[in-house]
Amino acid sequence: MKEHIYDIIGVGLGPYNIGLAALLEEQEDIEGIFFEQTPRFKWHPGMLIDGTDLQVSFLADLVTFANPRSQFTYLNYLHHKQRLFTFFFYHNFEMPRQEYDAYIKWVVEQIPACHFGSHVIDVKLEDQLYHVYVKHNQNNIVCYKCKHIVLGTGSKPNTVFDLTEFPNEDIHHSSQYLFHKEQTLQAKVITLIGSGQSASEIFLDLLKYQKQFDFAIHWYTQSTGYFQLDHSKLGQEIFSPDYVDYFHQLSLASRLNGLEKLEPLRNGVQQQTLHQIYHELYHRTIDGKDRSIKLQPLTAIKAIRTMEGRYEATYEHWQQSQSFNELTDKLILATGYQPNIPDWFYNRFADEIVWEDDKHVEVTRDYHLIFKDQHKNQFFMQTGLEHSHGSSATNLGLTVDRNVQIINTVAGREVYQRQTGGIFTSFR
């Protein structure tokens with residue numbers, strides 16, 4: 001019996017690889033299979049706060065930029081759910097976070113190639129094929145073979161500190177906010193660290209409960225302020241395939257420097273969220289300053305320790321070079337994410353691939369690694385790409401373009417047409 005060889009095996013099933021699976025589902029001559037170790041799809045479940053929206057347009061769904069006639073578009077999802085007119089009258093380009101989660105689950109249910117509860121424990125390159133070892137639902141290990149790998153294991157919380165010695169319900173990353181919210185609201189003092197969209201959404205959510213539960217909120221960030229995300233139309237053109245083309249050909253030093261300079265366009269808070277926060281703060285301070293609320297930028301957290309059933313945090317106001325300590329009952333770290341690269345990747349491939357320096361792997365424009373011993377079996381990356389492809393690496397609006405390039409490279413022809421050359425800004 002002839003062994004089955006897939007064209008693509010995808011490791012991880014977040015929006016990136018689910019989008020790839022959706023585009024492959026519509027192609028008969030490219031066969032892919034995808035594995036995810038969690039038992040079901042979950043998109044940031046700890047941050048699906050009521051009333052929050054994505055920061056990108058609904059056009060940045062899983063497939064529209066490749067094929068707006070696809071059965072997997074967000075508009076088709078709304079049509080299927082009898083919500084098209086509801087969305088029409090909603091008058092908002094951004095999808096609610098909870099509906100984005102529901103939309104992706106709806107797509108996944110229609111793709112037989114997506115397998116959850118399937119943990120990829122190892123990958124080897126042997127005899128010009130990738131051998132992918134998968135443990136299904138804690139049962140026996142099965143080996144699958146393929147021509148190309150797509151690593152889409154996403155990101156993991158960057159907690160700044162090792163939190164293993166502290167109870168999760170007391171000190172945790174923002175990605176776990178909703179899991180511990182009921183206990184958090186019982187505290188006397190809640191401290192929030194960070195100044196991005198997640199931190200702002202948590203702060204606003206806590207404000208809504210503060211009078212009912214009577215707690216103090218302290219919101220610190222090492223950033224110089226609580227700033228709005230730059231949504232200017234021309235500025236947003238850096239999230240285009242054309243800018244990625246420009247960015248990728250720069251030297252590593254220029255790319256890393258560019259990421260720092262583009263911070264206002266990469267990070268920040270939606271205008272609506274900041275306005276809601278200010279509106280709430282303004283109304284509750286009509287009778288005088290509210291001493292239960294403290295907002296302070298320029299302040300970095302340096303240490304955490306247990307102190308008589310509570311927690312003492314050490315902070316540094318870095319601009320004034322002053323340190324201070326403060327007690328809290330709950331600490332929420334909205335301190336961002338870092339690439340979630342599995343151990344087997346480094347064990348198997350770190351010495352086989354080309355690195356730009358000791359931290360950054362070299363990635364081609366069409367998202368595959370460069371092996372020292374060149375071969376036709378590509379290893380594509382969907383994560384850890386900011387240094388090579390810029391701010392767009394984590395922007396949902398360019399996920400489809402990335403998947404289009406991966407598919408076209410694997411097929412050796414233009415399966416899907418890329419959307420380039422339609423912006424007003426010239427970067428070179």
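Note that the numbering runs from 1 along the sequence shown for the chain.
Ring pair W43/Y100 is perpendicular by interplanar angle, where above 60° counts as perpendicular and below 30° as parallel. The aromatic rings of W344 and F349 lie perpendicular to each other, with more than 60° between the two planes, well past the 30° mark. Between Y77 and Y103, the angle of the ring planes goes over 60°, which puts this pair in the perpendicular group of the 30/60° scheme.
When atom types are taken as modelled, the side chain of S254 and the backbone of L250 share no donor-acceptor pair closer than 3.5 angstrom. Judged purely by atom type and a 3.5 angstrom limit, H389 uses its side chain to pair as donor or acceptor with the backbone of T364. Between the Q228 side chain and the Q271 main chain, no donor and acceptor come within less than 3.5 Å of each other. Between the side chain of T153 and the backbone N or O of N340, at least one donor-acceptor pair lies under 3.5 Å. Between the side chain of D61 and the main chain of Y74, a donor-acceptor pair closer than 3.5 Å is present. Judged by distance alone, the side chain of H79 and the main-chain N or O of L75 form no donor-acceptor pair under 3.5 Å. Checking side-chain atoms of H180 against main-chain N and O of Q183 turns up no donor-acceptor pair under 3.5 Å. Between the side chain of T73 and the backbone N or O of N76, at least one donor-acceptor pair lies under 3.5 Å. For T425 (side chain) and E237 (main-chain N/O), no donor-acceptor pair under 3.5 Å exists by modelled atom type. No donor-acceptor pair under 3.5 Å is formed between the side chain of T399 and the backbone N or O of G397.
Close placement of the F35 and Y144 rings is indicated, their centers lying within 6.0 Å of each other. Taking the six-membered ring for Trp and the full ring otherwise, W219 and Y226 have centroids separated by under 6.0 Å. Residues H173 and Y337 bring their aromatic ring centres within 6.0 Å. Side-chain rings of H360 and W355 stay apart, their centers remaining 6.0 Å or farther from each other. Between Y367 and F380, the distance from one ring center to the other does not fall under 6.0 angstrom. Ring centers of F379 and F345: under 6.0 Å apart, within the cut-off. Ring centers of H279 and H275: at least 6.0 Å apart, outside the cut-off.
Distance check, rounded to the nearest 0.5 Å: CD1 of I304 to OG1 of T328 gives 10.0 Å. Here the straight-line distance linking atom CG of L206 with atom CD1 of I49 works out to 8.0 Å at 0.5 Å rounding. In this structure, NE2 on H218 lies 6.5 Å from OG1 on T191, to the nearest 0.5 angstrom. Separation of atoms CD (Q98) and CG (L48) is listed at 6.0 Å; rounding is to 0.5 Å. Distance check, rounded to the nearest 0.5 Å: OH of Y246 to OG of S426 gives 10.0 Å. Expressed to the nearest 0.5 Å, how far OG1 of T64 lies from CG of L59 amounts to 6.0 Å.
Listed by first and then second residue, the salt bridge (Lys or Arg N to Asp or Glu O under 4.0 Å) pairs that reach into residues 385-400 are R266-E386, sequence neighbours excluded. Among pairs with a residue in residues 177-196, those fulfilling salt bridge (Lys or Arg N to Asp or Glu O under 4.0 Å) read K181-D205, at least two apart in sequence or across chains. Residue pairs meeting the salt bridge (Lys or Arg N to Asp or Glu O under 4.0 Å) criterion with at least one partner in residues 394-407, sequence neighbours excluded, are D401-R418.
No more than 12 heavy atoms of other residues, nucleotides or ligands shown are found within 6.0 angstrom of CD on Q272. The number of heavy atoms from other shown groups lying within 6.0 Å of CG (N139) is above 12. More than 12 heavy-atom neighbours from other residues, nucleotides or ligands sit within 6.0 angstrom of CZ on F116. Atom CD of Q222 has 12 or fewer neighbouring heavy atoms from other residues, nucleotides or ligands inside a 6.0 Å radius. Surrounding CD of Q82 are at most 12 heavy atoms belonging to other residues, nucleotides or ligands under 6.0 Å away.
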From CA spacing to verdict: salt bridge (charged side-chain N to carboxylate O under 4.0 Å, His left out), E326, K294: CA-CA 12 Å; E326 190 173 78; K294 183 178 181 181; 3.6 Å; yes

For side chain to side chain contact (heavy atoms under 4.5 Å, CB included), just list the numbers for L331 and D170, CA-CA rounded to whole Å, side-chain angles, deciding distance to a tenth of an Å, and then say yes or no. CA-CA 6 Å; L331 183 65; D170 291 344; over 6 Å; no

Full working for salt bridge (charged side-chain N to carboxylate O under 4.0 Å, His left out) between E36 and K42: CA-CA 11 Å; E36 165 61 42; K42 296 179 180 179; over 6 Å; no

Verdict with reasoning, F72 to W106, per ring-ring contact (aromatic ring centres under 6.0 Å, His included): CA-CA 9 Å; F72 300 118; W106 173 79; 7.0 Å; no

Using the side chain to side chain contact (heavy atoms under 4.5 Å, CB included) rule, take L229 and Q197 through it: C-alpha gap first, then chi angles, then the decisive distance, then the call. CA-CA 9 Å; L229 182 68; Q197 185 65 30; over 6 Å; no

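The shortest distance between side-chain heavy atoms of V269 and F227 does not fall below 4.5 Å. Contact of the H44 side chain with the R97 side chain is not registered, since no non-hydrogen atoms from C-beta on lie closer than 4.5 Å. In this structure the side chain of Q210 reaches within 4.5 angstrom of the side chain of S292, judged on heavy atoms. When side chains are defined from C-beta on, I190 counts as touching I332, because their heavy atoms get closer than 4.5 Å. Contact annotation: the side chain of V354 never approaches that of V361 to less than 4.5 Å [non-hydrogen atoms, C-beta and beyond]. Residues K156 and S175 form no side-chain contact, since every pair of their non-hydrogen atoms from C-beta on lies 4.5 Å or further apart. By the 4.5 Å heavy-atom criterion applied to side chains, V150 and H368 are not counted as neighbours. Taking 4.5 Å as the limit, every side-chain heavy atom of R305 sits out of range of all side-chain heavy atoms of Y311.
Across all their heavy atoms, A187 and K330 have their closest contact at CB-CG, 3.5 Å.
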Could you pull out all donor-acceptor pairs under 3.5 Å where a side-chain atom in residues 84-94 meets a protein atom, sequence neighbours excluded?
{"unit_1": "Y90", "atom_1": "OH", "unit_2": "D53", "atom_2": "OD1", "d": "3.4"}
{"unit_1": "N92", "atom_1": "OD1", "unit_2": "E94", "atom_2": "N", "d": "3.0"}
{"unit_1": "N92", "atom_1": "ND2", "unit_2": "D53", "atom_2": "OD2", "d": "3.4"}

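Ion pairing between E26 and R69 fails under the 4.0 Å rule for side-chain N and carboxylate O. Salt bridge absent: R40 and E109 never bring a charged side-chain N and a carboxylate O closer than 4.0 Å. A salt bridge links D101 to K105: at least one charged side-chain nitrogen sits closer than 4.0 Å to a carboxylate oxygen. At a threshold of 4.0 Å, the pair E280-K208 does not count as salt-bridged, since none of the basic side-chain nitrogens sits closer than that to a carboxylate oxygen.
Considering only residues two or more places apart in sequence or on other chains, R310 meets the side-chain hydrogen bond (donor to acceptor under 3.5 Å, both in side chains) condition with D329. A search for side-chain hydrogen bond (donor to acceptor under 3.5 Å, both in side chains) contacts involving N377 returns nothing, not counting sequence neighbours.
S223 and S195 form a side-chain donor-acceptor contact under 3.5 Å, judged by distance and modelled atom types alone.
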